[in-house]
Number of protein chains: 4
Amino acid sequence: MDGFQRRREQKKLDILKAALSLFLEYGIQKVSISEIAKKANVSQVTIYNYFENKHTLINEVMIYFIDTAINDFQKTVTANISFPEKIKTILFNKGEIANQIHEEFYQYLMNEYTTEGNYIEEIYVKKTIPLFTDLIKEGKEQGYVDPNTSDEAIMFYIKMLKEYIQRDDVYSKVLPLTEDITKIFFYGIMGQNIKE
Amino acid sequence: MDGFQRRREQKKLDILKAALSLFLEYGIQKVSISEIAKKANVSQVTIYNYFENKHTLINEVMIYFIDTAINDFQKTVTANISFPEKIKTILFNKGEIANQIHEEFYQYLMNEYTTEGNYIEEIYVKKTIPLFTDLIKEGKEQGYVDPNTSDEAIMFYIKMLKEYIQRDDVYSKVLPLTEDITKIFFYGIMGQNIKE
Amino acid sequence: MDGFQRRREQKKLDILKAALSLFLEYGIQKVSISEIAKKANVSQVTIYNYFENKHTLINEVMIYFIDTAINDFQKTVTANISFPEKIKTILFNKGEIANQIHEEFYQYLMNEYTTEGNYIEEIYVKKTIPLFTDLIKEGKEQGYVDPNTSDEAIMFYIKMLKEYIQRDDVYSKVLPLTEDITKIFFYGIMGQNIKE
Amino acid sequence: MDGFQRRREQKKLDILKAALSLFLEYGIQKVSISEIAKKANVSQVTIYNYFENKHTLINEVMIYFIDTAINDFQKTVTANISFPEKIKTILFNKGEIANQIHEEFYQYLMNEYTTEGNYIEEIYVKKTIPLFTDLIKEGKEQGYVDPNTSDEAIMFYIKMLKEYIQRDDVYSKVLPLTEDITKIFFYGIMGQNIKE
DNA sequence: AATGAATGAGGGTTCATTCAT
DNA sequence: GATGAATGAACCCTCATTCAT
């Protein structure tokens with residue numbers, strides 16, 4: 001890639017980052033092209049030189065976001081720490097980007113892209129499912145996960161907890177409950193006392 | 001309340017219902033005053049006669065929605081069914097209004113709610129916390145809930161599951177997992193097998 | 001029609017007239033909604049309250065124009081004057097509206113509306129063809145038109161001459177040639193000399 | 001002209017051709033500099049290196065077009081065919097370039113032409129008037145044209161017919177009427193019957 | 001009290017043109 | 001001389017809100 005190309009890519013990245021940060025904070029509909037332009041220090045038209053229209057821009061922001069988020073996730077899954085520590089990290093550690101997701105952004109991501117046959121669906125299935133599968137396999141092997149429970153249900157649980165906990169309006173309220181929530185995740189609301 | 005008053009209240013209710021139904025389906029930003037007016041069979045100005053501006057209208061819609069949702073919840077909590085059945089109902093039965101909440105609506109609700117010191121938080125705390133407390137107490141008394149786990153954590157768990165499951169993009173995918181998810185909720189990911 | 005309706009119709013007419021006059025002078029594409037609004041002394045949005053979008057506005061302007069132009073034409077055809085005088089009037093007298101048609105306007109009219117099955121095509125066929133037929137019949141009966149020549153060809157000739165002569169860039173140049181052109185129309189380029 | 005000059009001229013011609021073909025198809029206002037650049041395989045800025053601005057470009061395209069069209073016309077006028085055949089060819093044969101002129105292009109051409117004192121009018125007067133004069137002279141000498149009718153009127157008639165017939169929306173409808181129209185052109189609407 | 005009419009502000013988008021390399 | 005990148009101005013259109021009746 002020559003200098004021209006590199007500078008072009010850099011500017012495109014600037015716009016993507018500006019857009020993402022605004023989307024995450026205010027949602028998508030509330031953010032105007034003009035605001036993104038201002039934040040990225042370019043003119044509105046420059047944005048249109050890089051992205052066909054707002055929809056395309058949103059799309060590429062999504063992809064950029066997903067890629068980064070998956071990277072975060074992968075690091076945790078392959079880290080050299082115990083299974084419960086991985087779970088805690090996934091649930092309670094905010095990734096660099098994944099923190100402060102504006103709900104509308106999240107919703108857009110999900111709604112627009114559960115439509116099958118697009119890059120986001122594709123990359124998500126291709127990359128996260130295997131990571132989850134590995135993680136759960138590890139959990140089952142080490143006796144942390146009931147082998148009779150389907151992987152799907154476990155995945156659903158982890159994803160739900162992760163997303164919910166990391167919501168802006170939830171995170172702070174949940175931190176004091178970290179231990180209890182982890183306990184419920186592993187032992188259920190009945191707890192271990194019923195064993196004896 | 002005289003006839004005038006009653007008719008006035010009825011019209012206000014019409015507007016609220018129209019607005020709510022549109023908000024739930026399309027989100028808040030996408031719904032214009034003009035559309036609400038059309039659906040409620042009144043002029044736009046009439047809406048302004050009853051509500052100061054769009055923000056006020058949204059707020060009152062929220063309150064109306066919360067009231068209705070809490071009623072649904074109360075019915076379930078005080079119903080004459082077993083504790084696990086109550087939990088399943090809460091988690092998987094869509095309430096009459098609470099089904100198909102457009103995410104943006106939900107997010108708006110939460111944002112308003114988290115801003116402390118407003119009616120929505122007030123009413124929520126006043127009315128749902130006691131219901132949750134009763135429910136959890138019942139669960140603990142009947143041995144379904146570990147007495148060592150804090151009520152807050154249990155509440156968090158129930159709310160999270162309820163909200164997440166009833167999301168439009170989640171509900172259908174989760175239905176086949178009903179049993180597994182309920183199992184995890186009660187016994188955790190470790191399951192009962194570890195007891196023996 | 002009550003007062004409200006009447007005022008509404010009047011304002012709509014104001015907008016139509018403003019738009020028409022601008023379209024005729026500058027063409028359609030060059031005229032912005034904002035300019036029409038200024039000329040009609042209303043805000044841009046008011047125009048949108050009366051017409052769905054620019055396309056619809058153009059459409060209604062066309063219809064308004066056609067209606068008026070056909071009225072002009074009908075008056076001439078049914079007037080109490082001789083056949084040659086009718087022809088001269090049609091060819092050289094500018095109707096109140098039909099003068100100074102900007103070519104782009106005319107082209108739009110024709111291109112957009114030779115698409116069959118719309119109001120303009122419909123009204124045109126329904127109203128002008130009979131008028132033309134009457135006119136030509138009169139000409140044939142009075143010996144001014146060769147009965148062996150098809151009505152279509154005569155119609156084509158009259159329309160062509162009328163449209164061409166009344167073009168802005170042509171009219172003034174053609175006026176001094178009125179007699180010659182009329183002569184050619186009746187006797188052809190060979191003239192009467194061939195008779196002897 | 002050295003190699004540099006020649007290549008420069010070639011590139012300029014490429015741009016002119018690209019612009020002309022787009023103008024003829026879509027009209028002038030609808031065609032953007034960017035589209036012309038794409039079609040001519042040059043950058044937008046290159047166009048500005050050759051032509052001051054869009055207006056200048058349009059003007060030079062006009063001149064290029066006029067030149068070509070006049071060449072076509074000259075070929076017909078000096079061809080070795082009879083006078084009536086020349087007339088028919090002029091009226092009904094579409095020249096290579098002159099066919100399918102987008103009306104807006106034509107109108108622009110005329111507007112520019114009528115604005116006195118510009119190259120387009122100059123070239124037109126200088127080159128076509130003599131050709132027309134020759135043609136009409138030939139017609140008069142051979143008895144096809146009434147010598148008492150002014151050349152101006154004849155010219156007007158021919159130009160009108162040519163332009164009108166070759167309009168996109170007219171041409172196909174007129175073809176079946178070729179004989180009748182030619183007849184009217186030569187003998188007028190009264191036809192030959194008046195001779196007897 | 002209720003409404004039809006009207007609007008200022010702003011949004012996405014396009015285009016002719018200029019800047020910088 | 002040629003180009004990719006950048007932009008100010010303008011356009012069509014929508015919306016929450018106010019005016020006038």
Side-chain angles (χ1 to χ4, degrees), chain A residues 2-5 7-8 10-12 15 29-37 40-58, chain B residues 4 7-8 11-12 29-37 41-58, chain C residues 2-5 7-8 10-12 15 29-37 40-58, chain D residues 4 7-8 11-12 29-37 41-58:
Chain A
D2 60 15
F4 270 123
Q5 273 292 350
R7 229 167 308 142
R8 187 178 170 81
Q10 183 52 47
K11 186 150 260 173
K12 191 168 181 180
I15 295 173
Q29 300 182 64
K30 286 272 186 189
V31 173
S32 72
I33 297 287
S34 145
E35 285 166 318
I36 298 172
N41 277 322
V42 295
S43 94
Q44 285 197 50
V45 186
T46 296
I47 294 182
Y48 282 91
N49 287 340
Y50 286 91
F51 306 91
E52 215 172 329
N53 49 32
K54 195 182 183 184
H55 189 75
T56 309
L57 170 59
I58 294 170
Chain B
F4 271 120
R7 236 168 301 143
R8 185 177 167 80
K11 197 161 238 174
K12 192 168 178 179
Q29 301 183 65
K30 288 268 185 189
V31 173
S32 69
I33 296 286
S34 145
E35 286 167 315
I36 298 172
N41 278 322
V42 296
S43 92
Q44 295 192 46
V45 187
T46 298
I47 294 182
Y48 282 89
N49 287 338
Y50 287 95
F51 307 91
E52 210 175 334
N53 50 30
K54 196 182 183 184
H55 188 75
T56 308
L57 169 60
I58 294 170
Chain C
D2 60 13
F4 269 122
Q5 273 292 350
R7 228 166 309 141
R8 186 178 170 81
Q10 182 54 48
K11 186 150 259 172
K12 191 169 180 179
I15 296 172
Q29 300 181 66
K30 286 273 186 190
V31 174
S32 72
I33 296 287
S34 144
E35 285 166 317
I36 298 173
N41 276 322
V42 295
S43 94
Q44 286 197 51
V45 187
T46 297
I47 294 183
Y48 283 92
N49 286 341
Y50 285 91
F51 306 91
E52 216 172 328
N53 49 33
K54 195 183 183 184
H55 188 75
T56 308
L57 170 60
I58 294 170
Chain D
F4 271 121
R7 235 168 301 142
R8 185 179 167 80
K11 197 161 237 174
K12 191 168 179 179
Q29 299 183 65
K30 290 267 185 188
V31 173
S32 70
I33 296 287
S34 144
E35 286 167 315
I36 298 172
N41 278 322
V42 296
S43 92
Q44 295 194 44
V45 187
T46 300
I47 294 183
Y48 281 89
N49 288 338
Y50 287 94
F51 307 91
E52 208 175 335
N53 51 30
K54 197 184 183 184
H55 188 74
T56 308
L57 169 60
I58 293 170

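These numbers were taken from a predicted model, which means no experiment stands behind them.
In this entry the distance linking OH of C:Tyr48 with C1' of E:dG11 reads 13 Å, nearest Å. Rounding to whole angstrom units, CG of residue C:Asn53 and C1' of F:dT14 are separated by 13 Å. Distance, C:Ile47 CD1 to E:dA5 P: 15 Å, rounded to whole Å. Rounding to whole angstrom units, NZ of residue B:Lys12 and C1' of E:dA2 are separated by 17 Å. Atoms CD1 (C:Ile15) and C1' (E:dA5) sit 11 Å apart, rounded to a whole Å. In this structure, D:Glu52 atom CD and E:dT17 atom P are separated by 10 Å, rounded to whole Å. Here the C1' atom of nucleotide E:dT17 and the NE2 atom of D:His55 are 16 Å apart, to the nearest Å. Atom pair D:Gln29:CD and E:dT14:C1' shows a separation of 14 Å (rounding to whole Å applied).
Take D:Asn53 and apply the side-chain hydrogen bond (donor to acceptor under 3.5 Å, both in side chains) test, not counting sequence neighbours, and it matches D:Thr56. Applying the salt bridge (Lys or Arg N to Asp or Glu O under 4.0 Å) rule to A:Lys54 yields no partners; only residues at least two apart in sequence or on another chain are considered. With sequence neighbours excluded, the residues satisfying side chain to side chain contact (heavy atoms under 4.5 Å, CB included) with D:Glu35 are D:Leu22, D:Val31, D:Ser32. For C:Lys11, the salt bridge (Lys or Arg N to Asp or Glu O under 4.0 Å) test picks out no residue, with sequence neighbours left out.
Between A:Ala37 and A:Ser43, the closest heavy-atom pair is CB-C, 3.8 Å. Between A:Ile47 and A:Ile33, the closest heavy-atom pair is CD1-O, 3.8 Å.
Two residues are said to be in side-chain contact when any heavy atoms from C-beta on lie closer than 4.5 Å; C:Ile15 and C:Phe51 meet this criterion.
Interface remark: the C:Asn49 side chain does form a donor-acceptor pair with the E:dA6 base, using a distance-only criterion of under 3.5 Å.
Of all nucleotides listed (F:dT3, F:dT17, E:dA16), E:dA16 comes nearest to the side chain of D:Gln44. Distance from the side chain of A:Val45 is smallest to F:dG8 among F:dG8, F:dA16, F:dT3. Among the nucleotides E:dG4, E:dT13, F:dC13, the one closest to any side-chain atom of B:Ser43 is E:dG4.
Within the structure, a side-chain polar atom (N or O) of B:Tyr50 is placed less than 4.0 Å from OP1 or OP2 of E:dA2. The phosphate of F:dG4 has neither OP1 nor OP2 within less than 4.0 Å of any side-chain N or O from A:Arg8. Look at B:Thr46 and you'll find a side-chain N or O under 4.0 angstrom from OP1 or OP2 of E:dT3.
When base pairs are accepted only as Watson-Crick or G-U wobble with both N-N or N-O distances under 3.5 Å, DNA chain F takes part in stems of 3 or more pairs at E:2-21 with F:2-21.
Near-neighbour residues of DNA chain F inside residues 30-37 of chain B, defined by a heavy atom below 4.0 Å, number-ordered: B:Val31, B:Ser32, B:Ile33.
If you take CG on A:Leu57 and NZ on A:Lys12, they are separated by 9.5 Å, rounding to the nearest 0.5 Å. We find the CD-OH distance between C:Glu52 and C:Tyr48 to be 11.0 Å, quoted to the nearest 0.5 Å. Summarising the geometry, atom CD1 belonging to A:Ile36 is positioned 13.0 Å from atom OG1 belonging to A:Thr46; distances are rounded to the nearest 0.5 Å.
When heavy atoms are screened at a 4.0 angstrom cut-off, D:Lys11 is found touching the sugar-phosphate backbone but no base atom. Nucleic acid contact class of C:Phe51 (heavy atoms, under 4.0 Å, all strands): none.
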